[in-house]
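Worksheet: one structure, shown below.
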There are 2 protein chains.
Amino acid sequence: MNKKDQVTRERILNEAEVLFAKNGYDAVSVREITTAARCNLAAVNYHFGNKQKLYLEVFRARWVPRARRVQAYFRESLASQDTVSTSAVAQALAEAFLKGPLSDDERQRQSQLMTRELIQPTEAFELLAGEVLRPFFKELADTLRPFMPKGLGNEGLMLNILSMFSMVIYFNFARAVVSRITGRDYDAAFKDRLVEQIVEFSLNGLGKGEKEGA
Amino acid sequence: MNKKDQVTRERILNEAEVLFAKNGYDAVSVREITTAARCNLAAVNYHFGNKQKLYLEVFRARWVPRARRVQAYFRESLASQDTVSTSAVAQALAEAFLKGPLSDDERQRQSQLMTRELIQPTEAFELLAGEVLRPFFKELADTLRPFMPKGLGNEGLMLNILSMFSMVIYFNFARAVVSRITGRDYDAAFKDRLVEQIVEFSLNGLGKGEKEGA
DNA sequence: TTGACATTCAAACGTTTGTTTGATACAAAT
DNA sequence: ATTTGTATCAAACAAACGTTTGAATGTCAA
C-alpha cells in the first residue's frame, strides 16, 4: 500500500460521500465519482471491490466517525455545565446537531446520508443504528432518567428522546420546507433561533411556559 | 380516449407510485413499472410523455389528493370537538397523520414520497409545498393563534407547528429506527401510543406535566 | 539492475437504461 | 364497408451503466 494510493482512495471516499449525500446511491454513477476524484474509472473496483462496498465504506470511514464527533461534542458541552438539567441536555443536544463541530456542508451531508437510510434502510443502516444511534440514545436515556417523572417507563423515556431527535434531524434535512415556510435563510442567526426553538419546545411543548428565564 | 386506456393509465400510476415510494426515482426503471402494470413498455411514454412526467403525475394525481384527504380528516376531527383547544389540535393532527383516513400502506407511501422530496427537492416539491404544506400550515397557524401567548410572533408560531410536524412525519418514515429503539412493531396499539406521545410532548415537552387529565 | 508487487490506465465487456418507431388491433363515426 | 383516431405491441435505438481485462507505470527491496 502506497502513499499515492491512500491519496486516491481518500479522494474517492470524499467525492463519493458528497455525491451519494446529494443525489442518492442510484443517481450517482461510478464514472461521476471517479471523474470528480480525478482518477481512473477502474479505481473504485480496485480499491473498494464494487460500488456497493464503496457506499458502505463511506459510512464506515466517514459517517460514523463524524457522528462520534458530534456525540463527543454533546458530551463535553454537557460536562462543561455546572449542573446537569433537562434544559441543559436539550440545549446541548440541539447545539451539537445544529451547530456543533461540523461544518455546514458536513452537517448537511451527514443528515442527508442518514435520512436516506431511515427512509429506506440498506446494509449501512446496521452500522448507523447499531454503532451510533442506539448507544447514543442509551446514553441520553441514562442522562435524562433522574429528571423524569417516576411514572415514566423506559419506553416513554425513549419516545421523548425520539421526539427531541425528530426535531433536530428534521430541522437539518427539511431545510427546503423550513426556509419556505418561515421565509428565512439558514444562516448563523437562524440556526441560533432553531436551537432556541428546540430547547423551548422540548421543555414546554406548545407554549405553556412563557419563557420565564433568560 | 378510451375506457381501456383509462385503465392502463391508472394501473401505471398505481404501480409507479408504489415503486417510486419504495425505491426512489432513480432505482426504478420504466420496464419495472410497465411489467408491474402488465402493459407494454412504450405505454409510459405514450400516456405520460416520459418517466419524469410520470413521476410528477404521481404527485399531482395521487399524492396531493391523498394529502387533501388527510387534511380534511384533520379539519373534521377538529370540528367534531365541542371546544377547540391546543390539545385538541395536537390530538387531531397526530391522529390524522398516524391513523387517519389512509391505509397503512398508503400512509407509508405518502410519507416516503414526501420525505424524499424534502431531502432532495425536485419539480414535485413545488406542488407539495405550494399546494399542500403551505396552506395547511397556514390553517394550523390560524387555528392555534388564539391559544398562543401574546408575545409569540408569527415565526415562533410557525416553528411550533413545524416542531409538531417533525414528530408526526418522523414517526411515520423512520419506522426502522423507532421500532429498533423501542423494540415494538408498528401495530394499532403502538400507533395509539405514538399519538399519545406526540400530543403529550406537544403540550408539555419533556414531562413537566405528569399527565394530570385522562 | 533485476525482480516482485502495487497502482493506474485505456479499452472493452455484456447489460440495462429511457425513448422512438412503425406495424397492428380496436373502437366509433361516416 | 370504409374511414378516422386511439391504444397496444414487438423491436430497435443510442447512450449509460457496473465491472473486467491486460498492458503500462511506478516503487521499493534484493
Side-chain angles (χ1 to χ4, degrees), chain A residues 1-62 113 116-117 120-124, chain B residues 1-62 113 116-117 120-124:
Chain A
M1 194 182 286
N2 219 341
K3 207 200 298 177
K4 199 76 188 302
D5 177 22
Q6 288 277 16
V7 171
T8 300
R9 224 189 95 103
E10 295 293 302
R11 273 208 316 271
I12 292 176
L13 272 172
N14 289 340
E15 302 297 334
E17 191 199 354
V18 170
L19 289 167
F20 283 146
K22 186 159 54 176
N23 305 325
Y25 180 83
D26 294 288
V28 176
S29 70
V30 176
R31 280 169 179 83
E32 261 184 276
I33 296 168
T34 52
T35 301
R38 302 187 311 283
C39 68
N40 189 269
L41 170 63
V44 160
N45 297 68
Y46 178 76
H47 287 287
F48 302 94
N50 57 33
K51 184 187 175 186
Q52 168 74 18
K53 285 181 187 164
L54 166 59
Y55 177 76
L56 220 68
E57 190 62 24
V58 164
F59 277 84
R60 221 189 303 276
R62 292 282 186 273
L113 287 171
R116 288 185 198 282
E117 285 295 323
Q120 190 185 141
T122 73
E123 227 179 310
Chain B
M1 194 182 283
N2 219 342
K3 207 197 303 177
K4 199 79 189 297
D5 177 22
Q6 288 277 16
V7 172
T8 301
R9 224 189 96 104
E10 295 295 300
R11 274 208 315 271
I12 292 176
L13 271 172
N14 290 340
E15 301 298 335
E17 191 197 354
V18 169
L19 289 167
F20 283 145
K22 186 159 55 177
N23 305 325
Y25 182 84
D26 294 288
V28 176
S29 71
V30 176
R31 279 169 180 81
E32 260 183 277
I33 296 169
T34 53
T35 300
R38 302 187 311 284
C39 68
N40 189 267
L41 170 62
V44 160
N45 296 69
Y46 178 76
H47 287 286
F48 302 95
N50 57 37
K51 183 188 177 185
Q52 168 75 16
K53 286 179 187 165
L54 165 60
Y55 177 76
L56 220 68
E57 190 62 23
V58 165
F59 277 84
R60 222 189 300 278
R62 293 281 186 273
L113 286 171
R116 288 184 198 282
E117 284 295 323
Q120 189 185 141
T122 73
E123 231 180 304

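All figures in this text were calculated on a predicted structure; none of them were measured in a lab. These values consider heavy atoms only, across backbone and side chains, with no hydrogens, waters or symmetry-generated copies. Note on naming: letters A, B, ... go to the chains in the order of the sequence lines (proteins, then strands), and numbering restarts at 1 for each one.
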Look at the side chain of [X] and decide which nucleotide, out of [options], has an atom nearest to it.
X: A:Tyr46; options: C:dA6, D:dT8, C:dG18; value: C:dA6
X: A:Val30; options: C:dA10, D:dT6, D:dT19; value: D:dT19
X: B:Arg31; options: D:dC9, C:dT19, D:dG18; value: C:dT19

For A:Thr8 and C:dT8, is the shortest distance between a side-chain N/O and OP1 or OP2 below 4.0 Å?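 Yes, because at least one side-chain N or O of A:Thr8 sits under 4.0 Å from OP1 or OP2 of C:dT8.
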
Has the side chain of [X] got a donor or acceptor atom that lies under 3.5 Å from a matching backbone atom of [Y]?
X: B:Tyr25; Y: A:Ala27; result: no
X: A:Glu32; Y: A:Ser29; result: yes
X: A:Glu57; Y: A:Phe48; result: no

Any Lys/Arg nitrogen of A:Arg62 or A:Glu10 sitting under 4.0 Å from an Asp/Glu carboxylate oxygen of the other?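 Judged by the 4.0 Å cut-off on N to carboxylate O distance, A:Arg62 and A:Glu10 do form a salt bridge.
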
Atom-to-atom span, [atom1] of [X] to [atom2] of [N] - whole angstrom:
X: A:Arg9; N: C:dT8; atom1: CZ; atom2: P; value: 12 Å
X: A:Glu32; N: D:dC17; atom1: CD; atom2: P; value: 7 Å
X: B:Asn45; N: D:dC9; atom1: CG; atom2: P; value: 15 Å
X: B:Asn50; N: C:dT20; atom1: CG; atom2: P; value: 8 Å
X: A:Ile12; N: C:dT8; atom1: CD1; atom2: C1'; value: 11 Å

Cationic tip of B:Lys51 within the cone over B:Phe20's six-membered ring, i.e. under 6.0 Å and within 45° of the normal?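 No, B:Lys51 and B:Phe20 do not form such a contact.
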
Pick the closest DNA chain D nucleotide for A:Gly49 and for B:Arg38 by heavy atoms, then say which residue is nearer the 5' end.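 Closest to the 5' end, via its nearest nucleotide, is B:Arg38.
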
Do A:Thr8 and A:Asn40 have side chains that get closer than 4.5 Å, going by heavy atoms?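 No. Closest side-chain heavy atoms not under 4.5 Å.
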
Quick one, B:Val58 and B:Leu13 - any side-chain contact, counting heavy atoms below 4.5 Å?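 Yes, at least one pair of side-chain atoms sits under 4.5 Å.
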
Nucleotide-level pairing of DNA chain D, given in dot-bracket where Watson-Crick and G-U pairs need both distances under 3.5 Å and | marks other strands: .|||||||||||.|||||||||||||||||

Hey, is the side chain of B:Asn40 pairing donor to acceptor with the base of D:dA7 inside 3.5 Å?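 In this structure, the two groups form no donor-acceptor pair.
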
